[in-house]
K.L.:
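Below you'll find the structure I mean.
Reminder, nothing fancy here: chain letters follow the sequence lines and each chain counts from 1.
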Amino acid sequence: MKGGFFMKMSKMYIPTLKETPADAEIVSHQLMLRAGLMRKLTSGIYTYLPLGYNVIRKFEQIVREEMNRAGAQELLMPALQPAALWKESKRFDDYGPELMKLKDRHNRDFCLGPTHEEVVTDLVRDEIRSYKDLPLNLYQIQTKYRDEIRPRFGVLRGREFIMKDAYSFDRDQAGLDQSYQKMYDAYCKIYDRCGLKYRTILADSGPIGGDNSHEFMVLAEVGEDTIVYCDSCDYAANLDLAESVLDLKEETAGDAELSAVSTPAAKTIDQVAEFLELEIKQIVKSVLYETQRGEIVLALIRGDYEVNEVKLANLLGVVNLELAGDQVYEELNTVKGFTGPVNIGEVKIIADHSVSKIVDGVIGANEADQHFIHFNFSRDLDLEETFDIRKVKEGEECVHCGGKLKFAEGIEVGQIFKLGTKYSEVFNATYLDEDGKSQMMEMGCYGIGITRTIAAAIEQNYDEYGIKWPLALAPYQVHLLQLGESEEVIAKTEDLYKQLNNEGIEVLLDDRNERAGVKFNDADLIGCPIRITIGERSLSAGKLEVKYRQTGKEFTISTGDETAKIKELLADLS
RNA sequence: CGGAGCGUGGCGCAGUUUGGUAGCGCACCUGCUUUGGGAGCAGGGGGUCGAAGGUUCAAAUCCUUUCGCUCCGACCA
């Protein structure tokens with residue numbers, strides 16, 4: 001790289017590890033430590049070493065280019081922020097214990113910013129007065145803080161991490177829609193350029209607020225969310241929100257009356273089905289929940305499905321939902337494992353669509369060791385409608401195209417929100433329109449986790465020997481190995497090193513006095529896309545050896561025009 | 001915050017049950033040999049055994065307190 005990066009390994013600080021550090025659980029964490037990209041300072045907080053910082057800069061540069069191209073402007077806001085601002089938006093308390101709080105010597109409250117809506121809105125409200133100044137999109141790449149309850153997975157869930165965050169300000173919703181779409185497109189370009197396999201999903205907007213949001217999820221073997229995606233269309237959703245086609249059969253109504261049967265010790269769906277020799281599908285699962293407001297809700301779902309608590313909570317308009325405690329069962333005069341919707345006390349009943357057609361089902365009788373059989377949903381219950389509170393299962397049908405739904409773990413690497421006027425109202429961020437009337441700005445906010453995207457890239461690109469960087473993120477494009485100390489080898493290596501440098505190709509030169517095996521293994525571990533080996537063996541035949549890290553393909557090229565050839569190879573890779 | 005586990009040289013670990021001069025592998029330094037997939041031999045440096053207090057003639061080891069780290073869960077996104 002032109003511009004003064006150290007590139008000779010004999011002089012560089014690249015502490016690779018032969019052994020896997022004991023406390024690193026997932027591959028990206030292990031490899032980031034082993035390849036000498038970073039070191040842990042304390043739980044959830046890392047130092048980025050020269051090689052790791054190179055990768056960070058590579059990704060940041062891609063982000064900058066696409067953000068600038070989309071019309072956003074870079075600035076840098078403080079990480080240390082006065083609590084007063086956060087009290088103005090009520091988030092000093094509402095954000096919860098994840099907000100890293102501290103005091104200065106005068107005992108004034110401060111916090112370390114996990115995000116910058118407050119700061120940026122405060123800035124803009126003072127400076128932007130006219131519709132002529134809109135739209136505006138400001139972004140920064142900065143260190144953020146979140147006092148995680150449990151940091152884990154290396155850089156995937158840290159307490160200090162690097163984020164790109166952008167904030168858009170528009171005159172109206174139509175403008176916001178445009179700004180949002182621009183960011184959506186820019187994000188796609190960014191992740192495409194990194195060669196990442198990702199999906200966008202509709203998401204809950206969480207504590208940041210607003211009513212419209214997409215998450216960009218990198219699909220991997222490990223992740224924090226289960227992503228449901230369709231194998232034949234673009235549909236993808238968080239498992240919490242995913243929908244699928246419900247396989248409902250019209251059943252012919254039996255006219256048998258609801259009647260109690262003894263089902264001793266049959267508490268689970270499986271036990272009841274086995275005891276009565278019925279299909280699981282005929283049994284109605286009844287689950288009691290208690291909301292944070294103390295409301296008791298009985299959820300009904302077909303025996304072969306699970307209740308999706310997020311869907312249920314959203315339906316009820318609550319944030320928190322818990323399985324009811326023993327006390328609730330006592331109050332309702334029912335028994336755990338034998339709960340049912342008929343003859344239960346005063347509770348709200350929410351039924352899933354899956355039970356709506358049941359005509360000869362089984363429900364709990366609210367008495368120990370008793371169930372009712374011949375349960376007919378429409379006859380025996382007086383419910384106006386049924387809802388979707390069902391957890392999707394892998395292999396079910398896509399609601400959009402009929403394709404098959406698959407599950408993957410996902411790492412959230414970006415999220416975009418339409419905030420609307422939530423913050424402009426709080427901070428009174430207004431402008432004057434053409435008629436001289438004061439109007440609220442419509443805001444959007446857009447985040448990319450820089451450090452976690454790098455971890456996600458590794459999760460998608462590694463083998464048993466180490467990292468296989470996509471060209472766009474590689475700390476160096478070419479890893480040049482000098483094997484042996486003969487004059488010819490040294491001279492050729494120096495020569496090629498200089499030529500590549502002059503061409504602006506980023507080359508890492510392994511000129512260390514190490515054995516070949518050490519160099520090969522470190523090269524595999526560090527994972528630069530192209531490895532060039534210069535050794536007497538092939539140099540005497542006028543050849544250099546090339547190996548692609550990604551595919552493992554090996555071949556030789558002739559000396560003489562090797563620089564031009566290497567440029568071609570790189571062009572082919574990108 | 002609940003459950004589990006771990007803190008011994010830079011890294012990975014043994015030693016703790018049963019108290020008795022702190023050890024192994026890797027890494028590091030010196031020399032010789034070696035040199036295309038993590039070399040061999042010889043010599044060498046480096047550790048308040050996480051911290052504090054206690055018991056004991058004697059503590060890495062037993063007791064108390066405390067700090068840190070990791071995993072599972074709750075939580076968060």
K.L.:
Does B/G37 have OP1 or OP2 under 4.0 Å away from a side-chain N or O of A/Arg515?
P.N.:
no
K.L.:
Once ring pair (Phe, Tyr, Trp, His ring centres under 6.0 Å) is applied, do any residues pair with A/Tyr180, and if so which ones, sequence neighbours excluded?
P.N.:
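Result, ring pair (Phe, Tyr, Trp, His ring centres under 6.0 Å) vs A/Tyr180: A/His214.
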K.L.:
P atom, B/U65 versus B/C72: distance in rounded Å?
P.N.:
28 Å
K.L.:
What is the nucleic acid contact for A/Glu536, judged by heavy atoms within less than 4.0 Å: base, sugar-phosphate only, or nothing?
P.N.:
base
K.L.:
Which base, if any, makes a Watson-Crick or G-U wobble pair with B/G5, both distances under 3.5 Å?
P.N.:
B/C69
K.L.:
Out of A/Lys285, A/Lys391, A/Lys393, which residue meets the salt bridge (charged side-chain N to carboxylate O under 4.0 Å, His left out) rule with A/Glu306?
P.N.:
A/Lys285
K.L.:
For B/U16, what is the paired nucleotide under Watson-Crick or G-U wobble rules, both distances under 3.5 Å?
P.N.:
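Across any shown strand, B/U16 pairs with none.
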K.L.:
Quick one: does A/Arg152 reach the base of B/U70 with a side-chain donor-acceptor pair under 3.5 Å?
P.N.:
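No, the side chain and the base share no sub-3.5 Å donor-acceptor pair.
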K.L.:
Taking OP1 and OP2 of B/G36, is either one under 4.0 Å from a side-chain nitrogen or oxygen of A/Ser538?
P.N.:
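No, because none of the side-chain N or O atoms of A/Ser538 sits under 4.0 Å from OP1 or OP2 of B/G36.
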K.L.:
A/Thr20 side chain N/O closer than 4.0 Å to the phosphate oxygens (OP1, OP2) of B/G12?
P.N.:
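Negative; the distance criterion is not met.
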K.L.:
Would you say A/Lys267 has more than 12 foreign heavy atoms packed within less than 6.0 Å of its NZ?
P.N.:
no
K.L.:
Heavy atoms under 4.0 Å, any strand shown: does A/Lys40 hit a base, just sugar-phosphate, or nothing?
P.N.:
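Counting heavy atoms under 4.0 Å across all strands, the contact made by A/Lys40 is with sugar-phosphate only.
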K.L.:
Inspect the contact between A/Lys492 and A/Glu562 and indicate whether a charged nitrogen and a carboxylate oxygen are less than 4.0 angstrom apart.
P.N.:
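Salt bridge flag = yes for A/Lys492 with A/Glu562.
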K.L.:
Let me know, please, whether A/Arg512 or A/Glu25 comes out on the 5' side of the other along RNA chain B by nearest nucleotide.
P.N.:
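Upstream on the strand: A/Arg512.
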K.L.:
Do A/Arg537 and A/Glu545 sit within salt-bridge range, that is, some charged N less than 4.0 Å from a carboxylate O?
P.N.:
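Result for this pair is no, no salt bridge flagged.
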K.L.:
Could you tell me whether A/Glu224 contacts a base, only the sugar-phosphate backbone, or nothing, with contacts defined as non-hydrogen atoms closer than 4.0 Å?
P.N.:
base
K.L.:
Using the P atoms only, state how far B/A60 lies from B/G53, rounded to an integer number of Å.
P.N.:
14 Å
K.L.:
Which whole number of Å gives the distance between the P atom of B/G9 and that of B/G46?
P.N.:
15 Å
K.L.:
B/G68, B/C26, B/G37: which one has an atom nearest the side-chain heavy atoms of A/Thr42?
P.N.:
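Nearest listed nucleotide: B/G68.
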K.L.:
Between A/Arg34 and A/Arg157, name the one whose nearest nucleotide on RNA chain B is closer to the 5' end.
P.N.:
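The residue mapped nearer the 5' terminus is A/Arg34.
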K.L.:
Classify the side chain of A/Glu514 versus the base of B/G37 as yes if they form a donor-acceptor pair under 3.5 Å and no if they do not.
P.N.:
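It does not, because no donor-acceptor pair links the side chain of A/Glu514 to the base of B/G37 below 3.5 Å.
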K.L.:
P atom, B/C62 versus B/C26: distance in rounded Å?
P.N.:
30 Å
K.L.:
With a 4.0 Å limit, can you tell me whether A/Arg452 has a side-chain N or O closer than that to the phosphate oxygens OP1/OP2 of B/A77?
P.N.:
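Answer is no, no contact under 4.0 Å.
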K.L.:
Quick one: label A/Glu19 by what it contacts on the DNA or RNA (base, sugar-phosphate, nothing), any heavy atom closer than 4.0 Å.
P.N.:
base
K.L.:
Base, sugar-phosphate, or nothing: which does A/Asp23 touch, judged by heavy atoms less than 4.0 Å apart?
P.N.:
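Sugar-phosphate contact only - A/Asp23 comes under 4.0 Å of backbone atoms but never of a base.
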K.L.:
Would you say the side chain of A/Arg531 and the base of B/G37 hold a donor-acceptor pair, judged only by whether the two atoms sit under 3.5 Å apart?
P.N.:
yes
K.L.:
So, does A/Lys311 use its side chain to make a donor-acceptor pair with the main chain of A/Arg390 at under 3.5 Å?
P.N.:
yes
K.L.:
Considering only the P atoms, how many Å lie between B/U16 and B/U21, rounded to the nearest integer?
P.N.:
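Their P atoms lie roughly 13 Å apart.
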